Each structure stands twice: as structure tokens, then as C-alpha cells.
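Structure, as C-alpha cells:
Treat the numbers as computed from the prediction; the structure is a model and nothing was measured. Positions are given from 1, in the same order as the sequence printed here. Below, each value reflects all heavy atoms present in this structure, side chains not excepted, and no hydrogens, waters or symmetry copies.
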Amino acid sequence: MAHIFITGGTGFLGTHIVRQLAAQGHHITALVRSRNRYTKLVKQLGEETSRFLSAVSGDLTQPGLGLSSSDRQAIQAADVIIHAGGPMDILLDEQLAKQVFLDAAVYLGELADELYKNGVLRHFIHIVGFKSPVTDQNWHEPSAILKLLEHESPYERMKITADLHIRKQAKESGYSLSVVHPSVVIGDSATGNTEQTGGLGILIASARRKLMGTVPGGRKHWLPLVHVDHAAAFIAALANERQPVNETYYLLDEQDQSPSMTELIRIINKELRVPAPIGSVSLSFLTKLFSTSLGGKAGIPKQSLSFIVNTDFPTVSARRIQQKYSLPASVNASVLPHVISDLDYRLSHGSPDHTGFARGRRGSLATMEKTGRGNPVLMLPGTFSGADCLLPLASELHEHNVWVADLPGFGRTPYYRHDANVIEGHVHAIIAAVLSQEEPVTLIGHSYGALLAAQVMERIPERIHAVHLLQPAFHQANGRYRIPSANRLLLTKVSANTLRNKLLSQGCFESVGEIPAGYMQYVRNELRSPRVRAALADTLAALTKANHFKLQPASWHSKPISIIWGTHDQVYSLPKAYDQIPTKRIARGHHFPISHPAETAELIRQAGLSVSM
């Protein structure tokens, strides 16, 4: 196994590279500036995998990488260097860009030269970017290359100058150099989880503001993409090469296998529930436009347009490695809606720290998951809520294996795609999630989520272990919400005072002090997304129709089922048809699972939630 020294190991791409390498049993030493981020990475990897990982404290922008003598000694046995460090910030100024790219290349080059002369280093892997014009054939013509970069941003210019320096250093020293050019890195190929909001996130941020009514570039242009786990697997494969060669690798799809800019913007706008684009605008015109004050007001950096291209790239060398190690070579088109939804969520909420939970995906549902014992517990939130709001309750179910879902169109989950009826779309998505694995599932639903849980139980009872309904919404909502377009307009105008007063007057919470810290901000952040506003508007309208409440509680005796009811609810009541269902009434408001998670967890246990093996 190799001893690998990596920079950027706690970053978006770096964490995936470290995970791949550690799983293969390599010893990894990561250069870290933030011990907090390193600690988070160790927790993500788990005890079994993280035992292959150690860290040295340093700084890429400092001479000698800012390493102490003892830390420098710790990397003297490194036979592979992976340089994945550097920020994804296309707006860096000249000085900072020079520090994080060119200066870092100089200091890393000095270390590589030292290790090679000591007979240790055999391979340097440098991650750059697909826009670099440097090749194995022209690297020795720096003046010509730098002339091409005169009109590029400091970010691109310094990245590419660093590429030139490292190539020159490697040639002079004699060690093998692999230069990897990923295209725009997006979320992993399973969940779409995209922690980095630059790149594709810039387009999504613009579409959220309805600024993508026309297509930058059009049908002949495209935005090359690569999944973060695919890029990490490729880099890990290079680290395994016993006889590495000097080569440049472009990680991207072939143009004819990728969506054009027109297709990509249509996909984004459709997912965000904003109007489809009409026509296209030339990139040269947009670059001039975004160079003016209007560009600043629009929030679209002109530098971002440079990633939209109309040329092919040489992928032969990358395909050779992908075929040798049986690696995936293309973007999973079915995951793009999940990537867009995840970025939309992050643009609304940032990247909250949900320690103890990992991102997952069950069917089309994005989930936050914690491991435990027994059959899975799938938690379904209500309206004006989401997976994040139920995480405290999930945490209180200490011993259980819990998946907390965002409903379609909310949080991180793409909207219902195959059903004009929003409630049917939600039911079908939950059924698919339940059927995605073999064990029977325990459903815990709150409010609207409880209505969905009951409907799912009636349709696939054989796959349901038990059901716990928390303040189930079993009768029609107020008729004032029957028009989706009116709801959308109303949801754009929800202020903090309006929301607080509504929550209190409807008996969701008994007092202001009972509203959990962050809940109000979560709801208001959710409503910043046109996708969420549309999903919520449609859901509220659907809940005014009686046909969605035709349940058959008389048939529920075949499954363990319970209801927990907060008697301070001022809007909903429990219909008499459900009197036969075991019900625990408590002096709480409608949102008691959110305001009193520990008490709710204990009540669920008393109602029969147990670890079933």
C-alpha cells in the first residue's frame, strides 16, 4: 500500500478521494489548516476506515507549507503526492489567487523534489481544471500560454500558472506527474449531494431568480460535468498505478453524450418550477453585459461564463484508466434533478452541521440517516417543515436505524415528476422508498406526513412493520387555500411576524418560547426557493379536497398503529372514524414533535416502537 500525502483532503473533492483511498487500505497523511474540518472528516469515515488517516497542520500559502519539523518528518515516507488543495472561488483577487495557487505550487514542488531525491516519491498527482490550455506538448512554451491567459480571471490565470510550474518542476526533477482536469464537479452519483455551491450552483442561483429566461450560448455550447465520486475514484486509481506515466487526463463526458446548454437550462428551470427558457444569448454579449454594473446587480460573475464551452476535449488517456479499473465515465442523467434540488436547498439554507446523520437516498426521497439496529424507521414531515425539523426527534430514538425524509419538492428531494396530483406523487415516492429495500419499514409521520403514512400503509401493508401517526391531518384544510397560484403569491410574502402569529394562533406552538431556535428561519429559508413555494402551494390546494381523506381505518387492525394527539391544536381535530385507533392525548400544540422531541420519542416508545431484528 502507498503512503499518500494529500492537500485539500477536507474539501469537497478531497474528502471523497480520502474515503476511496482509506477504503483501499492506503496510509494517508492530510495537510490541514482546520482541525475541526479534519475531526468532521474522521467522524464521516468511521473508526474502521479513519485508522488509515493522519494529519499534519500546515498552510499551502506558507514557505515549507508551514509545517513543523516533526510534521515534515511525518511525510518523509510519502511516495505519492495528491495536490487537491485550493478554493473554488472564481472571484479571487490577484494576490490571494497567487498565494493559494502559484505559491502553493512552488512550496509543494520543493517538497516533491526533496522526496524524489531521497528515493521516496514516485508519483505526483495534480488536480487542476479542464479550462487549462497547458498540455504535455506545449508546457515548455510558457510565454505563449500566458499570453492566452491575459483576459482570464486571476483565479484561472494563477491555477494555470501553477500547472505550468509543477510540470516544469516534475520534468527537471524526473518524477512522474499526472495532471487531472476535472470538469465542473457536481454531487455524487447516488444522492446528488453537492457541498460546493460554485460551478453549477451559479446557474441554479440565477434560475431561482428567474434570470435564466434565455440560454447562455445555446445548443452548440455545453457545461462539462463530472460526479465527485467518479472524479475521486479516478484519482484513487491513478494513486494505485505502480508504473505511472507523465500524462494529462480530462475528466468529462463526451459532448454528444452531455446535455447542451439549452437542455441543461430546461432541466434546471423545470426542477425549480420556473418558466422554461426562450431562445439563447451569445456568450460574448453576456460577458460584456456582466462586466457592467448590471452584472453585479444580477449576481452572475462574468468569470462563470468561461466554463461554458463549444469544443471537445481529448479524453483518450482518461478513458484508458477508466477502462483499466472499470470506472464509470459519464454523468448519471437521472441524478441531475437530485443535484439541482440539493444545490437549491444549500442556496436557501447553507450547509448546516447535522452531526450524527449522513445524506442518503431512498427511491427518489432525499434522506438524512443515522445507523442503529432493527428494521428501518422512515420519518415523514408535514407542511411548513422538512427533514431538518425532525432530526432532534430522530436523535432521541437512540437505538434505531432512522431515515428522515424530505418530501418531493421540499428540502433536498426533487418534485413529484410522474403525477399531476401532488399528494399521489408524494405517496408513490414514499412507496418507492419503502420498496427500495427488503425489510419492512416502520413509518412515523407528522401532520400531513401522517396522512401520507396512513395512505402508504393501506396500499402496501405487507411492507409496513408499524405506523405511528403524530397529529395526523385527517380532514380538509381551509378552503381559502384551494387555488395554487394564489398560494404561491401568498408564500412570497410571509414575514417573520406573519409566520409567528399564524403558528401561535393555530395552536402549532403554545408560546413564542416553545418555538425551537432555528425553526422560523428554516421555514422562511425554505420559502426562498421557487421550487418549494410551488410544491407547498400545490400541496395546500390539494389538502382542501375531500377525496384525499378517504381512508379505511376499520381495516387498520392488521398492523401495530398508534396516534399521538396534541389537544391544543386550534385547526385540526381527530375525526370520530379514528376513535378505535389507540390514541394518546397530550396537552401540546400541533407541532409537538418539533417543540418536544424527547417527550415525543418517549411516547412513541410507549406506543410500541421497538427494535425488531
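- Taking the six-membered ring where tryptophan is involved, the planes of Phe313 and Phe130 are perpendicular, since the angle between them exceeds 60° and thus also 30°.
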side-chain contact (heavy atoms from CB on, under 4.5 Å), that's the test. Do Val402 and Leu393 meet it? Break it down for me.
CA-CA 10 Å; Val402 183; Leu393 173 57; over 6 Å; no

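- Here the straight-line distance linking atom CG of Leu203 with atom CG of Leu211 works out to 11.0 Å at 0.5 Å rounding.
- Side-chain polar atoms of Ser178 and His123 form a donor-acceptor pair below 3.5 angstrom.
- Atom OG of Ser132 sits about 4.0 Å away from atom NE2 of His181, to the nearest 0.5 Å.
- Nearest heavy atoms, Ala231 versus Leu251: CA-CD1, 3.9 Å.
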Could you walk me through whether His165 and Val106 pass side-chain contact (heavy atoms from CB on, under 4.5 Å), step by step?
CA-CA 7 Å; His165 177 84; Val106 171; 3.8 Å; yes

Determine whether Gln76 and Glu114 satisfy the following criterion, side-chain contact (heavy atoms from CB on, under 4.5 Å), listing intermediate values before the conclusion.
CA-CA 9 Å; Gln76 288 303 305; Glu114 176 188 342; 3.3 Å; yes

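- No side-chain heavy atom of Arg319 sits under 4.5 Å from any side-chain heavy atom of Val316.
- Side-chain atoms of Leu225 and Val339, non-hydrogen and from C-beta on, never get closer than 4.5 Å to each other.
- Nearest heavy-atom pair across Phe307 and Pro224 is O-CD, 3.7 Å.
- Rounded to the nearest 0.5 Å, atoms CG (Leu41) and CG (Leu53) are 5.5 Å apart.
- Between Leu238 atom CG and Ser176 atom OG the span is 11.5 Å, to the nearest 0.5 Å.
- Counting heavy atoms from C-beta outward, Leu115 and Ile81 have side chains that approach closer than 4.5 Å.
- Under the 4.5 Å side-chain criterion, counting only non-hydrogen atoms from C-beta, Ile166 is not in contact with Val128.
- One side chain, Ser348 or Arg208, offers a donor N or O that lies under 3.5 Å from an acceptor on the other.
- Under a 3.5 Å cut-off, the side chain of Lys159 and the backbone N or O of Ala97 do not form any donor-acceptor pair.
- Remark: the backbone N or O of Asn193 is paired with a side-chain donor or acceptor of Thr191 at under 3.5 angstrom.
- Within 6.0 Å of NZ on Lys131 lie more than 12 heavy atoms contributed by other residues, nucleotides or ligands.
- What you find for Arg122 and Ala239 is that their closest heavy atoms are NH2-O, 3.4 Å.
- Between the side chain of Asp113 and the backbone N or O of Gln169 there is no donor-acceptor pair closer than 3.5 Å.
- The pair Asp188-Arg359 does not meet the salt-bridge criterion, since no charged nitrogen lies less than 4.0 angstrom from a carboxylate oxygen.
- Taking all atoms of both residues into account, the shortest heavy-atom contact from Gln24 to Ala236 is NE2-CB, 3.9 Å.
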Please lay out, stage by stage, how Glu94 and Met158 fare under the test side-chain contact (heavy atoms from CB on, under 4.5 Å).
CA-CA 8 Å; Glu94 187 86 23; Met158 287 301 167; 3.1 Å; yes

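- Side-chain atoms of Asp406 come within 3.5 Å of backbone atoms of Ala387 as a donor-acceptor pair (strictly under, hydrogens ignored).
- Counting only heavy atoms from C-beta outward, the side chains of Ile127 and Pro182 approach each other to under 4.5 Å.
- Listed for the Thr315 side chain is no donor-acceptor partner under 3.5 Å among the backbone atoms of Ala318.
- In this structure, the side chains of Ile75 and Leu111 come closer than 4.5 Å at one or more pairs of heavy atoms.
- Between Tyr325 and Asn240 there is a side-chain heavy-atom pair separated by less than 4.5 Å.
- At distances below 3.5 Å, at least one donor-acceptor pair connects side-chain atoms of Arg346 with backbone N or O atoms of Thr194.
- Residues Gln521 and Arg524 bring no donor and acceptor atom of their side chains to less than 3.5 Å of each other.
- Between the CZ atom of Arg412 and the CE atom of Met368 there is a distance of 5.0 Å, given to the nearest 0.5 Å.
- The closest donor-acceptor contact from the side chain of Thr7 to the backbone of Leu31 lies at 3.5 Å or more, if one exists at all.
- Side-chain polar atoms of His349 and Glu526 form a donor-acceptor pair below 3.5 angstrom.
- Considering every non-hydrogen atom in both Thr413 and Arg531, the closest pair reads O-NH1, 2.9 Å.
- Residues Pro216 and Leu283 are in side-chain contact: their nearest non-hydrogen atoms beyond the backbone lie under 4.5 Å apart.
- Within the structure, every pair that satisfies the ring-ring contact (aromatic ring centres under 6.0 Å, His included) test and touches residues 11-65, not counting sequence neighbours, is listed here: His3-His27.
- Judged as a ring-ring contact (aromatic ring centres under 6.0 Å, His included), the pairs with a partner in residues 61-106 (not counting sequence neighbours) are, in order, His83-His126, Phe101-Tyr155.
- Using a cutoff of 4.0 Å between basic side-chain nitrogens and carboxylate oxygens, Arg167 and Asp163 are scored as salt-bridged.
- Neither side chain, Glu195 nor Ser351, offers a donor N or O lying under 3.5 Å from an acceptor on the other.
- Taking both residues in full, the closest heavy atoms of Leu365 and Ala405 are given as CD1-CB, 4.0 Å, listed atom of the first, atom of the second, then distance.
- Heavy atoms of other residues, nucleotides or ligands lying less than 6.0 angstrom from CZ of Arg33 number 12 at most.
- Formation of a donor-acceptor pair under 3.5 Å by the Asp229 side chain with backbone atoms of Ser189 is found in this model.
- Asn332 and His227 are not linked by any side-chain donor-acceptor pair at a separation below 3.5 angstrom, with hydrogens and angles left out of the test.
- Residue Trp222 holds its CH2 atom at 9.5 Å from CD of Gln257, rounded to the nearest 0.5 Å.
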